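Just so you know, these numbers come straight off a predicted model, no measurement behind them.
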Amino acid sequence: MTPDLRTERLLLSPYVPEDEEAFTALFQDPGVSRWMGDGPVSEAEDRALFGRIFSKVYAGDLFDVWAVRRDGVLVGHAEIKRTDEVAGHEIIYALAPSAWGAGLGTELARALTAYGFETLGLDEVHATVAAENAASLALLERIGFAHVRDVAEDDGSTTRVLTRHRTAPVAL
């Protein structure tokens with residue numbers, strides 16, 4: 001079962017059914033959805049995704065998925081899961097634009113990475129990021145992730161694969 005995680009300013013906790021509207025609003029935001037998965041999808045698809053978090057992910061204890069809250073308000077989404085894309089565990093995170101620019105992304109990515117190392121016992125944690133997502137690339141590099149390779153996508157875009165090893169030094 002996905003545990004609660006706390007950082008200085010954030011609470012990561014499993015979603016509850018009442019989070020559907022905030023989850024859908026987060027994933028429907030163009031500034032967020034452009035970097036998630038294959039990009040923007042319909043509201044119905046995001047609602048179906050929310051349902052699958054309960055019916056598949058939580059029900060099957062497949063991987064950890066969190067609602068990210070600040071002062072009780074849902075401001076983001078986070079996951080850590082095994083993926084064949086990187087042959088290991090990948091962190092995934094998104095924050096609402098209202099939470100951008102305050103260091104919360106760094107706080108969130110650090111928490112997910114620490115969970116991978118300390119709780120899951122991983123030796124390395126990965127992230128895949130669109131090559132154009134300069135903010136996320138800079139954030140990950142700042143916390144010790146290093147660019148490993150690029151993946152050429154079918155649509156002509158490039159995804160960067162970054163990896164952080166348990167022993168990697170981290171800038172403060």
Approximate separation, where rounding is to 0.5 Å, of R82 CZ and D84 CG: 6.5 Å

Donor-acceptor side-chain pairing of H165 and E124 below 3.5 angstrom: yes

Stepwise side chain to side chain contact (heavy atoms under 4.5 Å, CB included) check, V68 with L74: CA-CA 6 Å; V68 179; L74 192 141; over 6 Å; no

Donor-acceptor contact present, side-chain S157 to main-chain E153, <3.5 Å: no

D4 vs L11 side-chain heavy atoms within contact, under 4.5 Å: yes

Same apolar cluster (I L V M F W Y, side chains within < 4.5 Å links), V148/L112: no

Spatial distance of atom CZ (R52) from atom CG (L62) [nearest 0.5 Å]: 12.0 Å

Nearest-0.5 Å distance, CD1 of residue I91 to CD1 of residue I143: 5.5 Å

Where A59 and S55 come nearest, the two heavy atoms and their spacing: CB-O, 3.3 Å

Sidechain-backbone polar pair: E107 side chain, R9 backbone, donor-acceptor under 3.5 Å: yes

Side-chain H-bond candidate by donor/acceptor type, T106 with R142, under 3.5 Å: yes

Euclidean distance, E79 CD relative to E90 CD, rounded to 0.5 Å: 8.5 Å

N/O donor-acceptor pair under 3.5 Å between Q28 side chain and A25 backbone: no

Pairwise side-chain contact, H126 with L162, heavy-atom cut-off 4.5 Å (strictly under): no

Parallel, tilted or perpendicular, as decided by the 30° and 60° cut-offs, for the rings of F54 and F50: perpendicular

Side-chain heavy-atom pair E85, T128 within 4.5 angstrom cut-off: yes

F117 backbone acceptor or donor facing R166 side chain under 3.5 Å: yes

Joint cluster assignment, V75 & I92, ILVMFWY side-chain distance < 4.5 Å: yes

Within one Ile-Leu-Val-Met-Phe-Trp-Tyr cluster: V86 and M36, side-chain cutoff 4.5 Å: no

Donor-acceptor contact below 3.5 Å, side chain D61 vs main chain Y58: no

Min side-chain heavy-atom separation F23-I53 under 4.5 Å: yes

Verdict with reasoning, V151 to T158, per side chain to side chain contact (heavy atoms under 4.5 Å, CB included): CA-CA 6 Å; V151 176; T158 299; over 6 Å; no

Any V129 side-chain heavy atom under 4.5 Å of T159 side chain: no

Close side-chain approach of T2 and F63, heavy atoms under 4.5 Å: no

Residue from Y93, W66, Y15 passing side-chain hydrogen bond (donor to acceptor under 3.5 Å, both in side chains) with H77: Y15

Side-chain donor or acceptor of W100 paired with backbone N/O of L95 under 3.5 Å: yes

Between E21 and T24, a side-chain donor and acceptor under 3.5 Å: no

Pairwise side-chain contact, V65 with P14, heavy-atom cut-off 4.5 Å (strictly under): no

ILVMFWY network linking L137 to L108, side-chain heavy atoms under 4.5 angstrom: yes

Verdict with reasoning, D150 to V161, per side chain to side chain contact (heavy atoms under 4.5 Å, CB included): CA-CA 6 Å; D150 288 339; V161 178; over 6 Å; no

Spacing of CG belonging to D19 relative to CG belonging to L26, to within rounding of 0.5 Å: 11.0 Å

Close side-chain approach of L10 to L5, heavy-atom, < 4.5 Å: no

Single-linkage hydrophobic cluster, 4.5 Å side-chain cutoff, W35 and V32 together: no

Worked check of side chain to side chain contact (heavy atoms under 4.5 Å, CB included) between L104 and R70: CA-CA 9 Å; L104 296 176; R70 183 175 188 195; 3.7 Å; yes

Nearest-0.5 Å distance, CG of residue L139 to CZ of residue R110: 8.5 Å

Under 3.5 Å: donor-acceptor pair, side chain of N133, backbone of S136: yes

Residue list, side-chain contact (heavy atoms from CB on, under 4.5 Å) with A111, at least two apart or on another chain: T7

